[in-house]
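Heads up, the thing below is written out as structure tokens.
Quick note: numbers below take in every heavy atom, side chains included, and nothing from hydrogens, waters or symmetry partners. This is a predicted model, so every value here is computed, not measured. Read the numbers this way: they start at 1 and go in the same order the structure lists the ligands and their atoms. Residue indices begin at 1 and follow the sequence shown.
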Amino acid sequence: MMWLVNLLVLLEFAGCGLATLTPQLLFQTPNGSSFENLAVRPSSQLLITSTVSPTLFTLDPTAANPTLDEVFTFPNASGLSGIAEYRPDVFAIIAAVRNTTPAMDAPGSVVIWSLDFTARGAPTARRAARIPQAQFLNGLGTVPGHPDLVVAADSLLGVAFEVNVRTGAARVLIQDEATTPIGPSAPAPVLGINGLHVRAGLLYFTNGQRQTLSRVPLGNGTVETLGSGAFDDFALDIEGRAWVATNPGSLTLFTPLKNGTFEEETVVNTVLNEPSSAAFGRDGARETKILYMTTRSGQIVAVDTSGGD
Ligand SMILES: *[C@@H]1O[C@H](CO)[C@@H](O)[C@H](O)[C@H]1NC(C)=O
Ligand SMILES: *[C@@H]1O[C@H](CO)[C@@H](O)[C@H](O)[C@H]1NC(C)=O
Ligand SMILES: *[C@@H]1O[C@H](CO)[C@@H](O)[C@H](O)[C@H]1NC(C)=O
Ligand SMILES: *[C@@H]1O[C@H](CO)[C@@H](O)[C@H](O)[C@H]1NC(C)=O
């Protein structure tokens, strides 16, 4: 992979980016129904959420003609959002009765479920935590080294919760100007922190209304803004880069530079249709370089990040 990093640096000096990755459409819902987030199982199969359906879907991206299949339907919910694998093949998933315009969850309806695929047969679901104070739970992330903890972004409250999925305990992990929405004075929707992921003791997060990607050390630290754009959820890779779903139709790559700043560039050569999240493949050298993306237009897209044209 080092050659690619060097190539990026060369291209950067040459004044052009790596705007050469070609997204491949794997699936499109016939009705255009929105996809919100996704996670990749150890088997390489995708788990896909929609804010307008209480059903979790799966899709095998390695199939010749991938189909969308139902996995599990959560009770007392109208939509799902963040999903994250907190133990091997065990996933935390946000479910709620949600209103999309304006975007908010019905008071008291927000639940983080645990869905366990480790046994044979159908997955088993467990209500891991209720978050009664939540107003609009959106992105979800794991906390490396702490397999009972997840972090969840509340876009309306403008906070990140830390949730213990074993005990159900939840607390506000961070509330900062950088995580809050701006408010009605800025273009709608009034949503702040959206995607969030923890890596190497740092919480990376996007903010919808402020249009930023930021990071902050876990515990009390100063928020650092890495760049700006109409960002949704994102994936971090093993080189510390962030691949960010960007509205209305792009993928933005943040590459850390030696001096501590980040290079920000658009890396797809075609227009994506309202991308909402991104996750890397599993299980095998090629798969781990494939970035899978969901879109709000009901698409599943694969971007091979191992090279450009
Ligand atoms: C749209 O398609 C999805 C996925 O197949 C399905 O779950 C959903 O019920 C459909 N929505 C409508 C309104 O038909
Ligand atoms: C669904 O909500 C109803 C009414 O609040 C409650 O009685 C029931 O226990 C809930 N079911 C589940 C599975 O959470
Ligand atoms: C972080 O700051 C808050 C508010 O100043 C304080 O209450 C809390 O104890 C601090 N936590 C840590 C881990 O330093
Ligand atoms: C960091 O390095 C990049 C690329 O060499 C340069 O463009 C940028 O100005 C530097 N920023 C700082 C704060 O040194």
Side-chain angles (χ1 to χ4, degrees), residues 2-19 25-39 41 45-61 63 65-83 91 93-101 103 113 115 122-123 125 202 204 212-216 221-229 239-242 252-267 273-277 279 292-302:
M2 208 49 219
W3 65 271
L4 178 56
V5 174
N6 289 333
L7 180 63
L8 281 168
V9 170
L10 284 175
L11 288 169
E12 189 185 299
F13 282 128
C16 62
L18 183 80
L25 180 65
L26 295 183
F27 183 82
Q28 164 79 66
T29 52
N31 59 19
S33 172
S34 173
F35 290 138
E36 175 64 12
N37 218 310
L38 84 168
R41 293 184 57 196
Q45 295 193 323
L46 310 185
L47 295 175
I48 300 156
T49 67
S50 167
T51 54
V52 293
S53 170
T55 300
L56 182 71
F57 296 98
T58 188
L59 178 143
D60 179 0
N65 292 298
T67 56
L68 191 71
D69 299 306
E70 298 189 356
V71 176
F72 191 85
T73 298
F74 294 92
N76 288 3
S78 66
L80 310 176
S81 52
I83 177 167
F91 295 82
I93 298 157
I94 296 167
V97 175
R98 34 188 30 142
N99 187 354
T100 43
T101 41
W113 288 87
L115 197 61
L202 295 161
Y204 290 76
T212 47
L213 172 70
S214 308
R215 65 179 179 183
V216 61
T222 307
V223 175
E224 175 191 3
T225 295
L226 307 180
S228 61
E239 290 159 40
R241 299 180 297 180
T252 306
L253 173 62
F254 282 85
T255 305
L257 302 178
K258 283 203 171 65
N259 64 12
T261 68
F262 279 74
E263 172 77 7
E264 175 181 349
E265 59 188 326
T266 294
V267 288
N273 199 344
E274 299 184 78
S276 49
S277 68
Y292 295 108
M293 299 181 73
T294 52
T295 76
R296 250 173 256 100
S297 58
Q299 298 176 340
I300 304 298
V301 170

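The distance from ligand 4 to the heavy atoms of Thr261 drops below 4.0 Å at these ligand atoms: 1 (C), 11 (N), 13 (C). Of all the atoms in ligand 1, the ones that sit under 4.0 Å from a non-hydrogen atom of Leu68 are 4 (C).
Relative ring orientation between Phe35 and Phe27 is described as tilted, the plane-to-plane angle lying within the 30° to 60° band.
Where the criterion is an N or O separation shorter than 3.5 Å, residue side chain and backbone included, Ser33 fails it with respect to ligand 1.
Here the heavy atom of the protein found nearest to atom 7 (O) of ligand 1 is Phe57 CZ, 3.3 Å.
Here the side chain of Thr49 pairs a donor or acceptor atom with the backbone of Asn37 at under 3.5 angstrom.
Within a 6.0 Å sphere centred on CG of Asn31, heavy atoms belonging to other residues, nucleotides or ligands number more than 12.
Within 4.0 Å of atom 2 (O) of ligand 1, at least one protein heavy atom is present.
Counting only non-hydrogen atoms, the option in Asn31, Ile48, Val52, Thr29 that gets closest to atom 6 (C) of ligand 1 is Asn31.
Thr51 and Ser81 share no donor-acceptor pair across their side chains, judged by distance under 3.5 Å alone.
The only member of Phe91, Phe72, Phe74 that meets ring pair (Phe, Tyr, Trp, His ring centres under 6.0 Å) when paired with Trp113 is Phe74.
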